[in-house]
Amino acid sequence: MIPENQQRGNFGGKVGFILAAAGSAIGLGNIWRFPYTAGEHGGGAFVLVYLAFVVLVGIPVLLAELSIGRASQRNPVGAFRVLAPRTWWPAVGALGVVTGFAILAFYSVVAGWTVGYLVKAMRGDFAAGITASESAAQFQALIGNPGLAIALTAVFMVLTVGVIQFGVGEGIERFSKVLMPAFFVLLLLLAGRSLTLPGAGAGLRFLFHFDPSQLTIPVIMGALGQALFSLSLGMGCMITYGSYLPRRENLPFAAVSVAFFDTLIALLAGIIIFPALFTAGADPAGGAGLVFIAMPTVFDSLPAGQLFAVAFYALLAIAALTSTISLLEVVVAYFVDEKGWPRAAVAWGIGFLCFLLAIPSALSQGAVPALSGGEGSLLPLSFLDLNNILFGNYGLTFGSLLISLFVGWKWGTRAALEEMKRGAGTDRAWWHAAWAFLVRFVCPVAIVLIFVFILWTGEYF
Ligand code: PFF
């Protein structure tokens with residue numbers, strides 16, 4: 001067993017770890033990406049497949065990643081090097097580091113929008129009730145403004161680097177402990193409001209009515225990608241966080257808690273947003289602006305609406321921040337562990353490079369037509385959407401395939417289970433065999449089948 005390395009920093013305990021890992025998992029993926037992807041993919045069918053993937057692929061891969069991390073005490077590249085020396089497996093970790101960098105480069109753009117909306121909420125822009133089309137025009141004015149979009153991205157990147165430079169316990173854990181519970185309470189309050197709107201019935205029906213005719217390959221791929229994206233899987237983020245989880249802590253309990261809260265919050269976001277959308281008469285398939293367009297139409301009908309608006313965007317920005325720090329941490333941990341470079345310098349350097357890569361995404365929302373996708377553009381989708389699907393769906397799915405193959409067939413489910421048992425207090429549990437079966441067979445077969453179907457039908461997104 002590799003000795004625990006206290007020098008690398010550690011989460012103080014179970015609660016801190018769960019909140020930090022939940023902080024990584026809960027973010028724009030839940031509040032921004034889940035509702036709009038569900039909206040574009042017809043609602044209920046997508047949601048059901050998504051939930052199935054959380055259980056059948058998400059939780060098994062989450063347990064696999066955390067075990068790899070805690071057993072090896074390393075960043076994703078180092079982890080594979082320790083557990084499978086002199087093989088090509090560390091390349092899987094490297095793929096994860098690259099994927100994390102690429103995801104951060106579009107994620108930080110959307111995170112920047114949340115800061116822009118926080119400022120708008122403070123100015124009272126949504127105080128006097130606005131219609132869905134006014135709201136859409138306001139959103140477009142913000143994201144289509146090149147200087148503003150780039151500046152907001154820069155603000156967000158600076159915030160992220162500002163936390164990461166302090167390391168794990170002092171930076172990540174301290175922030176997550178306060179912010180995640182506050183976010184949860186606010187979401188419950190907003191859900192209560194949305195459920196009493198006139199469009200609540202229609203919204204919920206859209207979200208939960210299962211229509212099998214909607215089950216197409218892009219919907220299934222989208223649901224799988226969303227499940228992995230939302231749980232921060234497939235790129236070694238949970239390997240990295242697992243490497244900071246003390247051995248005395250109960251790993252399976254932590255994993256299931258994180259998956260539970262992440263899924264609950266995605267569903268809550270849907271329960272808040274779809275009633276609001278149907279009340280305002282907006283189109284659920286409206287794309288990436290959905291949350292930003294829907295929410296401002298509800299605030300004004302709330303008592304102390306402006307306060308709610310400010311709190312909502314503040315917490316959304318914070319949820320995004322606890323996720324961007326986990327994305328950047330993967331890349332930083334690699335350079336700190338493997339190259340021995342100083343943490344703060346690496347954090348600023350990588351943050352700056354990532355900001356440069358984020359600029360085309362920031363400009364792809366109307367500011368530069370060539371990058372905006374569709375007619376008159378060089379791209380089938382906007383540069384931001386393209387990265388979102390390429391890295392957020394395909395990159396994470398491919399990474400999860402390789403991770404499940406590694407744990408199922410190379411490192412071995414027995415070794416992984418040994419790691420999971422540490423701190424869990426039980427030697428045998430009913431789910432051990434179920435988990436091993438899912439990782440060895442269900443995860444890889446499901447993913448390969450989906451890829452084969454995609455190649456077969458040529459429907460990529
Ligand atoms: N899970 C985050 C979200 O739902 O917003 C996004 C994310 C973070 C994806 C970290 C991947 C990752 F490694």
Side-chain angles (χ1 to χ4, degrees), residues 19-38 50 53-54 58 61-62 64-66 68-69 75-76 79 92-93 95-114 156 160 163-164 172 176 179-180 183 187 222-244 255 258-259 261-270 288 291 315-334 354 387-400 403:
L19 288 175
S24 165
I26 298 163
L28 295 173
N30 305 61
I31 318 279
W32 162 70
R33 201 178 193 267
F34 173 77
Y36 97 76
T37 318
Y50 167 80
F53 279 136
V54 167
V61 173
L62 179 56
E65 281 203 31
L66 290 175
I68 294 175
N75 66 87
V92 177
L95 187 74
V97 174
V98 173
T99 306
F101 187 80
I103 290 179
L104 184 57
F106 73 80
Y107 199 97
S108 55
V109 174
V110 182
W113 301 346
T114 67
F156 217 87
T160 307
V163 176
I164 281 294
I172 303 177
S176 308
L179 302 173
M180 296 320 295
F183 189 54
L187 283 183
L224 175 60
Q226 177 57 27
L228 298 170
F229 187 90
S230 194
L231 291 169
S232 302
L233 296 174
M235 49 159 275
C237 179
M238 290 299 173
I239 295 181
T240 312
Y241 273 30
S243 76
Y244 304 132
V258 168
F261 280 111
D262 183 68
T263 308
L264 189 65
I265 289 199
L267 293 176
L268 267 180
V291 190
L315 288 166
L316 184 54
I318 289 159
L321 183 63
T322 53
S323 300
T324 53
I325 59 185
S326 74
L327 287 160
L328 184 60
E329 176 61 21
V330 173
V331 189
V332 171
Y334 165 71
C354 198
N387 278 298
N388 187 359
I389 289 185
L390 213 60
F391 294 98
N393 279 353
Y394 284 99
L396 297 183
T397 303
F398 189 58
S400 298
I403 289 167

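The first residue in the sequence is number 1, and the count goes up from there. Both counts, for ligands and for their atoms, begin at 1 and track the order of listing. As a basis for the values below, the full set of heavy atoms in this structure was taken, side chains included, without hydrogen atoms, waters or symmetry mates.
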Residue [X] vicinity, atoms of ligand 1 by number, heavy atom under 4.0 Å:
X: Ser24; result: 1 (N), 2 (C), 8 (C), 10 (C)
X: Leu327; result: 8 (C), 10 (C), 11 (C), 12 (C), 13 (F)
X: Asn30; result: 4 (O)
X: Ser326; result: 8 (C), 10 (C)
X: Gly29; result: 3 (C), 4 (O), 5 (O)
X: Met235; result: 11 (C), 12 (C), 13 (F)

[atom] - nearest protein heavy atom and its distance:
atom: atom 5 (O) of ligand 1; value: Tyr107 OH, 2.5 Å
atom: atom 11 (C) of ligand 1; value: Ser232 CA, 3.5 Å
atom: atom 9 (C) of ligand 1; value: Phe229 O, 3.4 Å
atom: atom 4 (O) of ligand 1; value: Ala25 O, 2.8 Å

Polar side-chain atom of [X] near backbone of [Y] as donor-acceptor pair, under 3.5 Å:
X: Arg33; Y: Asn388; value: yes
X: Ser323; Y: Ile26; value: yes
X: Tyr107; Y: Leu28; value: yes
X: Asn30; Y: Ser230; value: no
X: Thr322; Y: Ala319; value: yes
X: Ser232; Y: Ser24; value: yes

Are the aromatic ring centres of Phe106 and Phe391 under 6.0 angstrom apart? no
Does ligand 1 have any atom sitting under 4.0 Å from a heavy atom of Ile103? no
Looking only at distances, please establish whether an N/O atom of ligand 1 is found under 3.5 Å from an N/O atom of [X].
X: Leu231; result: no
X: Leu396; result: no
X: Asp262; result: no

How about CZ on Phe398, more than 12 heavy atoms from neighbouring residues, nucleotides or ligands closer than 6.0 Å, or not? no
For Phe101, I'd like to know if atom CZ has over 12 heavy atoms of other residues, nucleotides or ligands within 6.0 Å. yes
